Amino acid sequence: MRYQYFPGCSLKGSGRAYEESFLAVFRALGVEVRELEDWNCCGATAYMSVDETKSYALAGRNLAIAARDRADVMAPCSACYLVLNKTMRGLGENPELKRKVTGALKAGGLDYREGVKVRHPLDVLVNDIGLDEIRKRVKKPLSGLKLASYYGCQIVRPFATFDDQDDPVTMDRLMQACGAECVDWPLKTHCCGGSLTGTLPDAGLRLAYIILNEAKKRGAAALVTPCPLCQFNLDAYQGQMAGKFGRPNMPVLYFTQLIGLAMGLDADELGIGRGIIPAQAALAGR
Amino acid sequence: MPKKDHKTNGLPRVGFYICHCGSNIAGTIDVAAVREYAAGLPGVAVARDYKYMCSDPGQELIASDIEKYGLERIVVSACSPNLHEETFRKAAAKGGLNPFRVQMVNIREHASWVHTDRASATEKAKDLARAAVARVVHHRALERKRVPVDPNVLVVGGGIAGIHAALTLANAGKKVTLVEKEATIGGHMALFDKTFPTLDCAACILTPKMSAVKAHPNIRLWTWSEVEKVEGYVGNYKVTVKRKPRYVNEDLCVGCMECIDACVYKEPKFHDKFNQGLGKRKPVYIDFPQATPKVVLVDPETCLQLKTGKCQKKCASVCDRNAFDFGQKERSEEIQVGSIVLATGFRTYDAKKDKQYGYGRYPGVYTALEVERLVNASGPTSGEIKLRDGREPKAVGIIHCVGSRDEKSNKWCSRVCCMYSLKLAHLIKEHSGAEVYNFYIDMRAPGKAYEEFYDKLLGEGVHFVRGRVAEVTDWAVSPEEEGKLVMRVEDTLAGIVRRIPVDMVVLSTGLEPQADAQEVRRRFNIGCGSEGFFQERHPKLAPVNTFTDGVYIAGACQGPRDIPDTVAQAGAAAAEALALIDAGHVELEPNTSAVAEAECSGCKTCVPLCPYGAVSFDEAKRKAAINEVLCKGCGVCAAACPSGSITQNLFGDDEIFSEIEGVLAK
Amino acid sequence: MPDKPKVAFYWCASCGGCEEAVVDLAEDILKVVEAVDIVLWPVAMDFKKEDIEARADKSITVSFINGAVRTSEQEEWARLLRKKSAFVISFGACANSGGIPALANQSAREDILKYVYEDCPSVENPAKSRPATAHAEEGRALTLPEFRGMVRALDEVIDVDYYLPGCPPTPKLIQEAVGALLTGNLPPKGTVLSPDVALCDQCKRKDSKPADLSIKEFKRPHQVQIDPEKCMLAQGLLCMGPATRAGCEALCPGGNMPCTGCFGPTSKVRDHGAKFISSVFSNLAAKEPGEIDAALDGVPDPVGTFYRYGLAKSLLRRKIN
Amino acid sequence: MSTVKFEPKIVAFFCNWCTYTAADLAGVSRLKYAPNVRVIRVMCSGRVDPQFVVEAFAKGADGVLLGGCHPGDCHYAEGNYKTLRRMKMLERMLKAMGVEDGRFRLEWISGAEGDKVRSVVNEMTEKVRSLGPLDLPGKFREWDKEIEELEARVKASEAEEEKIHA
């Protein structure tokens, strides 16, 4: 098994722990993951609303690079995952757009081809590697750890490619395979407020607080997520929430970190210490 | 004697008629230009245009011209032959011409209605006219074969539609076999407590009809049975019915139900399908007290005797009629009928598919059908509205259009949900006094006394919120929401997003085609629309007919409908079958194939191709032979005959080649 | 003594097999020779074109013309004989429908010439010279006939009275035809002088043909040990018999080879190959597109198989682009 | 050069129960589509003999469309399978004879798919338009010019001869 890897900006910046744990887990699983050469911004910025064509071309460039290889591309960041998939669909449905974008790419010496598959690591772990294999690799089961799995909006909306739009379960099943318990809760895909925290901090913070508070109410010791944007938004502003709503004090971890722990990898290797809200208490003894 | 017109040059004399169809055709096609063009075609002795060819004067025109101009062929350029071919054949016959010497040109459905450019639509009409004139020359005089109609009728499905159709036919003196796949007839209606808008008790109006079916000397009732195979053709169908074992002799059981009491299982503990899983039953059971036939049956999946062969068989020992027969096997029976009424009903949308409403996750979420059982006096709670945890709900929310009017699931309106939601709102309020909220997109109450019923509910204090519910959640944001199900909805009348806490959510699931609708329609050789309901022959003019003669459809298998409409349609289907039976015979389309014996080499290519066994190999003559009565006129043998020795009437090589040359010659 | 009927034999694009067929009449040929005067038979006797040109129009009772028409010379001869003959009989598959030579209609004229004069491995022609239709040297003009763009059947060039089918026509059919001509007992013009029924009618294997063929795969004769009794199609061999006119008395199946269709179709059929496709392929066992394709892969050369003798008279006539 | 825009001529064979009905439905629904198709109604797609297809091409069709019921849905049980088998062979033959892909098309269109009639007709019209005219009758005339010249020459020399004799 071999995959290409599109990191995007988050995994090289605020989401470094995600990259570290993602690569560590796949390394430990013996799956080859090769970073896409010379990748660029996925296009998940305000660019899309400024100039659609250019933004498609931006994303299309990454796809054209990926098309040189046959292996599927993993995009762990939800935003990258969505934008790359959206670009493929957009170009597939709109021949005029495709003509413009492929023309632009050709001018840059790149050949855009259909058929590249952009996958989320959740999808790869559950559907390619399989829960049975994960279970076999678990050395230190996360027994007794109660988690709230929080998916965020982008990996199931608007395209539900590998999980249900309203009630996704992939990550719950993965966490259960690692021995953890997942609380049943209804906010798995509710907005984390991430896109508002910068512009309407009150609204953004409130939305984030709702998520964290509900998870806490349901007895979760930590929140687990596949999205670097959600992770940052939910983790970084808990101090600011304190004055307004209360302090959730809820560590927010990447699912890859928890899988890594269960597989017996070192906490440092998985970037566990990088979180703002310390996870030590929740992960006591692991 | 009409003068021979010199211009037909020895060709049969053709009359050409083009219809304006008001402006339907004339609005897009230059009818006069086509008429003039046709007048110059070889063989055409007269060409006319007329406002409505299908009207009496239009038909009369053809009939009188036949006499006046000595016409030997007729071409009518108008609408689809599927609509009016028969009309113009009759008009020709009236004028003394063999009706099969008529050809129609479809310039309405296939031209004026689908094109906008007048010039190209007119060109198309001319091309098609030329082809029809070229082809009609080859039309031979044909006669329809008559075959007798078997007066017996098969009704498939024992819901209210099948029951009503069967009774109507039986009352008219016809022998009916009613086949139902469940153990009892009654269908969905038997599940209901009350019916809208009259709120009369469903059982009170249904069970007498069920008993009448059982008691009727002209009805043979086969429940727990399914149609396996259908062969033959209109008037003469051979149907194979699979009869599943009940392990109880139906003729001996009187339905005393003592065996149920005696069963080694002291308490009912198995899933009770009839009660939507809300109640439990024993391995030996009867769906409900008024089940018809009132005969118990044994479930082989749960019965100890049938599973292990080791049981005290207390059930059998208390039966003073010795009705138990654990050795019963599934068997097939063949019956002969002349016509078939399909009334196979619907299923409700699977509420689990709409994850946002939490059905299957939150015990407080119910489907409407479950609530029908809860409010039913003979249901699992004897009519008390009790939640799965035993609490009585203080507030209930009813979500309309679940699995209806939804791009993600079913696009159609299920027609009954608004009304049954109102009915359930009324019954829940009446039974429990709870606050009831209806969440609707818009209220659809178009039946007799339906709007009035809606008005009545408005007066009863039932809340109406216009908006599609976004989600049902147990995420509480205030103390009063704790322990409740919260319904998040945009109230589009108030213009705000609301959170309404309730104890019970009712999903008004829509109506869908039965899970096996595709298999069933293939078995009966009928069609389905894109949504999967059985396809009627014409949406307006032949709503209970299908494209297979002698097979009629009634009730919700054709599309969502309520009880009054279903019963009306069942009556219509019965009437269609009666009309067929009373005619005593059917006339078969003469578009059958025939072998030119002298030219047949006996290569047998055609023999296996016929799906009806109409083509056989005559061992004595060493040639192929076609049985005209069995032949349904597909023409596959004519296409395949490698020496061109098989001809299909009306679709012969000469006719089709002329048509090809005709559309292309210019 | 009244003049004996005058008879001409001519060959166009032909292998000579049709001439053989005449010789194959064996002793019976003497009766023919006795009954008629042969005025032209290039393969056997020395006559000149001028001899024919000198004859009065319609003075030849009957001309038997075999071979397809590919060159202007063949056209000229056909026209000349038509003019001088009371009857013209198109003799054999090539004259009737193009025959084997018409398989060349799958190639463009230029491609044929290029192959034959340049690309063929056995050709040594560094100057890439081609035969010219006219050449003058030392005051003498030499001409060669035009090589036409496509092969034609005889009746595409001249009017034909009757057709004798086969590659070649059988002695029996030839005799019957000659007999009919001599006695004046003639069928309607345009008739093919052979029974208008398909070959299965005369085939000894007919009884072994199963009612339901359900052909699973196609085999070519060299790939199997052919059962000498069993219907060819039942053995997966593409036998054109069901779609081919009878008259040969199933010579090929009798010799343990499937019929290849040299007698052409029956009178009701416009396109021999298309009709054959319609019949045999309806009876494939496969239902799914993939399975059907796999079965069809067993027919590597559809045109050469279905139109082996009839491409010139197929509805499409030749490869289009 | 002619400036008249090329309008493809497409002959369609539609089975009565599915595709013809779908075309009726398209009409009733007032869907709009290209006017280039001329429909010939047959009871079953299984009636369509490959001869009809080649005949249509030979008589001037630029495209031939064949519409039947979906597999498993044939009004006559399995007629459409027989169609599929022979048409797949026909496609190979047409390809070998130089008829471009896209000039012959087999489509399954059920009685409920009026919209599919519209899209298939539109697509096919555009496809055939892009392929340009097939115009076999024109090609036949072109091909046969070479023998007409000779015929004319022969006739002329005969006339000459007659003049001399006269």
Side-chain angles (χ1 to χ4, degrees), chain A residues 93 146 148-153 155-173 176 181-193 196 200 202-220 223 234 241 244-246 248 250, chain B residues 349-367 388-389 397 399 401-410 439 467-490 496-505 507 509:
Chain A
E93 285 162 10
K146 241 179 155 177
S149 51
Y150 176 72
Y151 294 78
C153 55
I155 61 168
V156 287
R157 283 204 292 266
F159 315 123
T161 38
F162 63 91
D163 211 336
D164 189 85
Q165 224 154 21
D166 291 296
D167 186 26
V169 293
T170 329
M171 193 161 58
D172 297 63
R173 290 167 66 204
Q176 283 153 3
E181 188 189 332
C182 288
V183 300
D184 181 22
W185 74 319
L187 304 187
K188 288 176 176 182
T189 64
H190 273 226
C191 178
C192 75
L196 294 170
L200 288 169
D202 280 0
L205 284 179
R206 193 178 142 262
L207 289 168
Y209 175 75
I210 286 172
I211 306 271
L212 293 163
N213 187 48
E214 190 66 21
K216 198 172 179 180
K217 257 170 65 182
R218 305 230 173 199
L223 206 69
L234 292 168
M241 287 171 205
K244 288 188 161 58
F245 312 105
M250 166 81 60
Chain B
Y349 177 73
D350 178 7
K352 279 205 180 79
K353 286 186 193 162
D354 286 5
K355 302 263 189 209
Q356 70 273 29
Y357 297 150
Y359 180 76
R361 273 192 298 140
Y362 301 130
V365 182
Y366 289 79
T367 65
R388 288 186 171 91
D389 58 12
I399 306 178
C401 300
V402 177
S404 300
R405 305 179 70 192
D406 187 349
E407 289 282 335
K408 282 193 233 160
S409 51
N410 300 328
F439 299 90
R468 179 160 230 155
V469 174
E471 69 173 341
V472 172
T473 175
D474 64 350
W475 159 49
V477 296
S478 61
E480 57 270 26
E481 287 181 2
E482 292 295 341
K484 300 269 186 182
L485 290 170
V486 179
M487 307 184 71
R488 298 178 68 216
V489 61
E490 183 186 354
I496 52 166
V497 175
R498 296 176 67 177
R499 295 175 62 95
I500 299 176
V502 296
D503 303 301
M504 179 186 205
V505 173
L507 305 180
T509 46

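We use all heavy atoms of the structure for the numbers below, so side chains are in, but hydrogens, waters and symmetry mates are not. Here is how names work: the chains are called A, B, and so on, in the same order as the sequence lines, proteins then strands, and each is numbered from 1. Everything numeric here is computed off the predicted structure, so don't read it as measured data.
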A.B. asks: Check each atom of A/D167 against the heavy atoms of chain B and say whether the ones under 4.5 Å are side chain, backbone, both or neither.
C.D. replies: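 Both the backbone and the side chain of A/D167 come within 4.5 Å of chain B.
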
A.B. asks: Report the distance from atom CG of A/N213 to atom CH2 of B/W475, rounding to the nearest 0.5 Å.
C.D. replies: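 It is 10.5 Å, given to the nearest 0.5 Å.
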
A.B. asks: More than 12 heavy atoms of other residues, nucleotides or ligands under 6.0 Å from CZ of B/R468: is that the case?
C.D. replies: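 Atom CZ in B/R468 is packed in, count exceeds 12.
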
A.B. asks: Looking at every heavy atom in both B/D474 and A/E214, which two are closest together, and how far apart are they?
C.D. replies: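 Taking B/D474 first and A/E214 second, the nearest heavy atoms are O-OE2, 4.3 Å.
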
A.B. asks: Please say whether more than 12 non-hydrogen atoms of neighbouring residues, nucleotides or ligands are located less than 6.0 Å from CZ in A/R218.
C.D. replies: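 Correct, the count exceeds 12.
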
A.B. asks: Return the CG to CD distance between A/D166 and B/Q356, rounded to the nearest 0.5 Å.
C.D. replies: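 Interatomic distance, A/D166 CG to B/Q356 CD, rounded to 0.5 Å: 4.5 Å.
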
A.B. asks: Could you tell me the separation between the OG1 atom of A/T189 and the CD atom of B/E471, rounded to the nearest 0.5 Å?
C.D. replies: 7.5 Å

